[in-house]
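First up is the structure itself, then whatever we jot down about it.
One is the number of the first residue; the rest follow in order along the sequence. Bear in mind that the values here come from a model prediction, so they are computed numbers and not experimental data.
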Amino acid sequence: MTARRLPLFGSMATAGLSTMAAGIAIMSLPWSYLSAGGSPAWAGVMAATLHLPVAVGLALGGRLSDRLGPRRILIFTDAACLALVAASLAAIAIFPAMPWLVAAIVAAANLVSSPGNVAQSSRVPEMARLARMPLERANGLQEIVVQTGQVLGPAAGVLLVEAGGLHAALLAAAVLLSIVLIVDAALFPKFVARLRIAKSGRATTATTLLFRDAFLRTVIVVGVFLVAIFNSLDEVLAPNLALASGVGGNALAAFLFISGASALASAALFTYLGHRLHPMRVFIGGVWLAAGGFILLAFLPPSIAFLAAPLFIGGGVGPLWPIVVTWIQRTIPQSARGEAIGILSGCVLLAQPLAALVAGPAVGRFGTDALLFSITGLVIACAILTHTLIHPLVALSRRQAKTPTQEKPTSRD
């Protein structure tokens with residue numbers, strides 16, 4: 001590996017490790033509470049408590065990254081997140097009977113870590129150019145690494161709780177975050193800052209740029225539904241299905257692992273073949289494939305569904321984010337790129353806590369089967385909506401993105 005590629009591959013590695021650490025923490029807390037006899041409704045509230053700060057941090061983090069510089073934001077958020085996870089370990093030792101205190105500390109860690117994720121994503125084009133790698137391939141490879149973290153994180157969170165309790169899970173997350181801080185401090189480079197492109201306020205400019213693009217505007221609409229559906233599956237529906245059907249924690253870990261592994265495989269396939277396909281058609285196909293997985297989960301016996309459904313669900317969602325983020329990076333000027341990524345991510349991820357708040361009480365009130373069939377109907381409707389809104393854009397779009405406006409450099413981070 002040449003020195004020119006070290007920043008890009010180092011950033012990919014830390015993105016994957018931080019995703020894995022977040023997955024361990026976010027999955028281990030509700031599962032620990034639920035498996036200890038907690039109510040599904042309150043487990044949903046706990047999941048919402050953990051997810052809401054992520055959406056807020058993403059929405060605000062892009063603006064901070066663009067103004068203060070991605071390296072400054074990344075290193076600060078790495079250190080702050082590690083400190084808070086360490087504090088959660090201390091809280092477990094001192095107040096073992098207060099799981100909500102631990103959840104509040106981990107929620108704060110999620111809030112401060114999110115801007116660092118935006119900072120990394122906003123500078124992939126510059127690192128890819130330094131590494132002499134096509135942007136589509138760089139985003140695809142980064143998604144593969146992040147998907148690997150998403151595969152290992154939630155599954156490891158469940159297994160670590162089963163083996164050593166919540167303390168073991170959060171200790172593993174702290175070790176991963178320590179590695180992330182060291183690597184980012186050593187390898188993440190400085191970047192040339194750019195002139196501001198709007199005098200009236202950068203948030204308005206970034207939002208305008210997002211909603212001016214028909215594809216990105218549609219992604220925001222359908223993305224809210226998709227994220228709500230997938231979050232209710234992973235955090236509420238699948239754990240309760242595992243308990244209600246008697247398949248247990250190992251089957252839940254297998255479900256999460258297969259889903260993530262399938263997403264990883266489809267992201268890898270898109271990395272090498274996606275440049276030959278129209279991105280909007282791949283986006284539509286991915287949503288329909290995921291809908292097929294929910295149909296299998298609803299109608300197959302649980303022992304089979306927990307193995308077959310995640311293959312389709314993960315395979316469908318794998319290439320979606322590389323498509324979206326590459327489109328942003330090619331159409332949004334660098335001076336607003338971080339904020340645009342943050343606003344889009346934040347808007348979509350706001351559906352996560354809302355889904356957890358709705359799905360948790362719904363299980364207690366109507367049962368897991370009723371929630372499963374309702375969600376299956378929603379994901380089919382979402383696939384129809386996606387096809388209806390995006391398919392006409394395929395004929396109108398003759399290229400994947402426009403070349404962003406060039407801006408003059410002013411200073412360094």
Side-chain angles (χ1 to χ4, degrees), residues 134-144 146-148 150-151 213-234 255 258-300 305 307-331 344-345 348-349 351 375-401:
L135 180 57
E136 292 83 359
R137 179 153 298 179
N139 280 320
L141 288 173
Q142 177 146 321
E143 182 67 10
I144 290 171
V146 170
Q147 288 287 351
T148 301
Q150 292 177 349
V151 170
D213 187 287
F215 177 57
L216 295 177
R217 184 169 63 244
T218 303
V219 166
I220 293 175
V221 174
V222 302
V224 169
F225 288 98
L226 288 174
V227 171
I229 289 167
F230 295 140
N231 179 74
S232 63
L233 172 68
D234 289 346
F255 179 94
I258 293 171
S259 177
S262 179
L264 174 63
S266 64
L269 185 64
F270 177 77
T271 298
Y272 293 99
L273 298 179
H275 63 282
R276 301 177 183 176
L277 306 172
H278 197 289
M280 295 180 189
R281 286 177 176 166
V282 178
F283 193 95
I284 295 170
V287 177
W288 276 113
L289 188 61
F294 277 88
I295 293 172
L296 294 178
L297 187 63
F299 292 100
L300 289 179
L307 299 176
L311 286 173
F312 287 81
I313 295 172
V317 303
L320 300 188
W321 181 245
I323 293 171
V324 174
V325 75
T326 300
W327 195 276
I328 291 175
Q329 290 165 349
R330 290 196 178 279
T331 58
L344 176 63
S345 302
V348 172
L349 291 183
I375 289 179
T376 301
L378 287 174
V379 76
I380 293 173
C382 185
I384 295 173
L385 178 66
T386 303
H387 191 100
T388 302
L389 293 179
I390 294 182
H391 189 268
L393 300 177
V394 176
L396 298 176
S397 178
R398 297 184 179 180
R399 54 183 179 176
Q400 293 186 9

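Looking only at side-chain heavy atoms (C-beta outward), Leu297 and Thr376 stay at 4.5 Å or farther from each other.
Scored by the side-chain contact (heavy atoms from CB on, under 4.5 Å) test, Ile384 finds Trp288, Ile380, Thr388 as partners (sequence neighbours excluded). Considering only residues two or more places apart in sequence or on other chains, Leu135 meets the side-chain contact (heavy atoms from CB on, under 4.5 Å) condition with Val124, Pro125, Asn139, Thr326, Gln329, Arg330. With sequence neighbours excluded, the residues that form a ring pair (Phe, Tyr, Trp, His ring centres under 6.0 Å) with Phe215 are Phe283, Trp327.
Here the closest non-hydrogen pair linking Val287 and Ala383 is CG1-CA, 3.6 Å. Taking both residues in full, the closest heavy atoms of Leu141 and Thr271 are given as N-OG1, 3.8 Å, listed atom of the first, atom of the second, then distance. Here the closest heavy-atom approach between residue Ile313 and residue Gly293 is recorded as CG1-CA, 3.8 Å.
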Determine all donor-acceptor pairs shorter than 3.5 Å in which one atom belongs to a side chain in residues 261-270; sequence neighbours excluded.
unit_1	atom_1	unit_2	atom_2	d
Ser262	OG	Leu311	O	2.5
Ser262	OG	Gly315	N	2.9
Ser266	OG	Ser262	O	3.4
Ser266	OG	Ala263	O	3.0
Ser266	OG	Gly315	O	3.1

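Separating the CZ atom in Arg137 from the CD atom in Gln142 is a distance of 15.5 Å, to the nearest 0.5 Å. Interatomic distance, Ile323 CD1 to Met280 CE, rounded to the nearest 0.5 Å: 10.0 Å.
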